[in-house]
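Reading through the structure tokens given below for one structure.
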Amino acid sequence: MRTPIIAGNWKMNTTVVEAAELVKAMKDKLNQIAGVEKVLCPPFVSLTAVRELIRGASIKLGAQNMYFEKSGAYTGEVSPQMLSGLCEYVILGHSERRGYFGESDQIVNKKVRAALATGLTPIVCVGESLKENEAGETISVVTRQVKGAFEGIDSPKGTVIAYEPIWAIGTGKAATGVQANATIKVIRDSVFRLYGDQIARAIRIQYGGSVNSANIAEFIGQPDIDGALVGGASLKAADFLGIVEQTAKIKKTG
Ligand code: 13P
């Protein structure tokens, strides 16, 4: 049994004050929901404040990115060492990082290695563009990205993978549950080829892309989907709570 995991990727939203307000609006209720791992990923500058606010609650903290070097002359970057002890998770290889900041599979691989070496748990994002999807390249793209992310890594430890088709991110056009499950099965097969049956069965794979409290049930009801990486809806306390509540209910009965 894989514990479902719902993570909120706040992206470049919320000031420190707003981040604190958002946490306060959902902390108590989130804390009471059992059977789902709940992760908040605020901007770097709010990690410390959010960490204080969720202390003692069953809510985990994640960063949205990091650099792979330990320290040094890399103006503006944040190292794994700076994050370790502050948060448990780190989102790596998000399509916005790949697209706007030129992160290649090799860079993602260096980041995954650095995160694992520092005791951080990566949430590795993969997913095809609309053009790739329409050209029938979804399987080859996600397979290449998974292979690339884990190149030369002996064990992915607790790494989580998020399948986020780029055409579904922030567009309001989510994949269907069946579509997402089919691609996630392909991703699980890639993990099987890299690490064998036990790890492929244990690794958690989320769906991401226009997930909200009105459509989460469709994804969570699928056998290979172990949770969601939520963007826009994670900035609304009621919506995020609804997503986590339904996940707990559906995975408990399913
Ligand atoms: P939206 O939920 O806003 O589509 O964003 C998804 C995403 O990119 C999460 O990482």
Side-chain angles (χ1 to χ4, degrees), residues 4-14 18-19 22 26 36-44 46-47 50 60-66 83 87-101 103 108 111-112 115 120-130 132-133 138 141-142 145-146 149 159-177 179-181 183-184 187 204-220 222 225-247:
I5 174 166
I6 302 290
N9 174 10
W10 296 3
K11 308 193 179 181
M12 197 177 72
N13 294 293
T14 69
E18 288 162 352
L22 182 55
M26 54 189 184
V36 179
E37 202 174 343
K38 301 144 278 186
V39 186
L40 304 180
C41 304
F44 284 133
S46 295
L47 282 171
V50 173
K60 294 186 176 156
L61 194 59
Q64 299 173 16
N65 178 37
M66 55 162 229
L83 295 178
C87 61
E88 281 177 58
Y89 284 94
V90 59
I91 299 171
L92 296 175
H94 193 282
S95 59
E96 287 149 18
R97 301 291 322 165
R98 294 178 192 257
Y100 301 140
F101 303 99
E103 289 193 12
V108 175
K111 292 186 173 191
V112 174
L120 292 160
T121 302
I123 298 177
V124 176
C125 303
V126 299
E128 82 287 3
S129 66
L130 181 61
E132 290 162 337
N133 182 281
T138 301
V141 169
V142 298
Q145 289 175 331
V146 170
T159 299
V160 174
I161 299 175
Y163 169 54
E164 299 205 312
I166 298 169
W167 47 269
I169 296 177
T171 58
K173 281 190 216 144
T176 66
Q179 260 175 340
N181 194 70
T183 308
I184 285 176
I187 293 169
R204 294 180 294 174
I205 310 179
Q206 301 170 307
Y207 167 74
S210 296
V211 171
N212 55 44
S213 58
N215 65 16
I216 183 67
E218 177 172 353
F219 300 105
I220 288 303
Q222 297 289 334
I225 304 183
D226 304 313
L229 183 55
V230 185
S234 72
L235 295 167
K236 297 176 213 143
D239 224 359
F240 192 68
L241 273 168
I243 291 169
V244 176
E245 273 162 4
Q246 290 182 64
T247 301

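Atoms within a ligand are numbered from 1 in the order they appear, just like the ligands themselves. Predicted model, so just to flag it, every value in this text is computed and none were measured. Scope of the values below: all heavy atoms of this structure, side chains included, with no hydrogens, waters or symmetry mates.
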| request: Nearest heavy atom to atom 5 (O) of ligand 1 wins, so pick from K11, Q206, E164. | output: K11
| Relative to the heavy atoms of I169, which atoms of ligand 1 are at a distance of less than 4.0 Å? | 4 (O), 5 (O), 6 (C), 8 (O)
| task | Please identify each residue that fulfils side-chain contact (heavy atoms from CB on, under 4.5 Å) with E96, with sequence neighbours left out. | result | K11, H94, Y100, I169
| request: Give the minimum heavy-atom separation between A149 and V112, together with the two atoms involved. | output: O-CB, 3.8 Å
| remark: For A168, the ligand 1 atoms with a heavy-atom partner under 4.0 Å come out as 4 (O)
| task | Kindly write out the residues that satisfy side chain to side chain donor-acceptor pair (under 3.5 Å) with D226, not counting sequence neighbours, or none if the list is empty. | result | R2, R188
| Could an N or O of ligand 1 be found under 3.5 Å from any N or O of G231, whether backbone or side chain? | yes
| query | For ligand 1, which atoms have a heavy atom of L229 less than 4.0 angstrom away? | reply | 9 (C), 10 (O)
| field | Donor on one side chain, acceptor on other, N212 and K236, under 3.5 Å | value | no
| Can you check whether G170 has an N/O within less than 3.5 Å of an N/O in ligand 1? | yes
| request: Please examine the side chains of Y163 and I225, heavy atoms only from C-beta on, and report whether any two atoms are closer than 4.5 Å. | output: no
| Do any nitrogen or oxygen atoms of E96 lie less than 3.5 angstrom from nitrogen or oxygen atoms of ligand 1? | no
| C125 and I91: which non-hydrogen atoms are nearest, and at how many Å? | SG-CG2, 3.7 Å
| said: If you take the nearest heavy atom of each of G209, G127, C125, G232, which one is closest to atom 3 (O) of ligand 1? | reply: G232
| said: Is it the case that ligand 1 has an N or O less than 3.5 angstrom from some N or O of N9? | reply: yes
| note | Here the pair of heavy atoms bringing T14 nearest to P43 is OG1-CD, 3.7 Å
| S210 to ligand 1, any heavy atom closer than 4.0 Å | yes
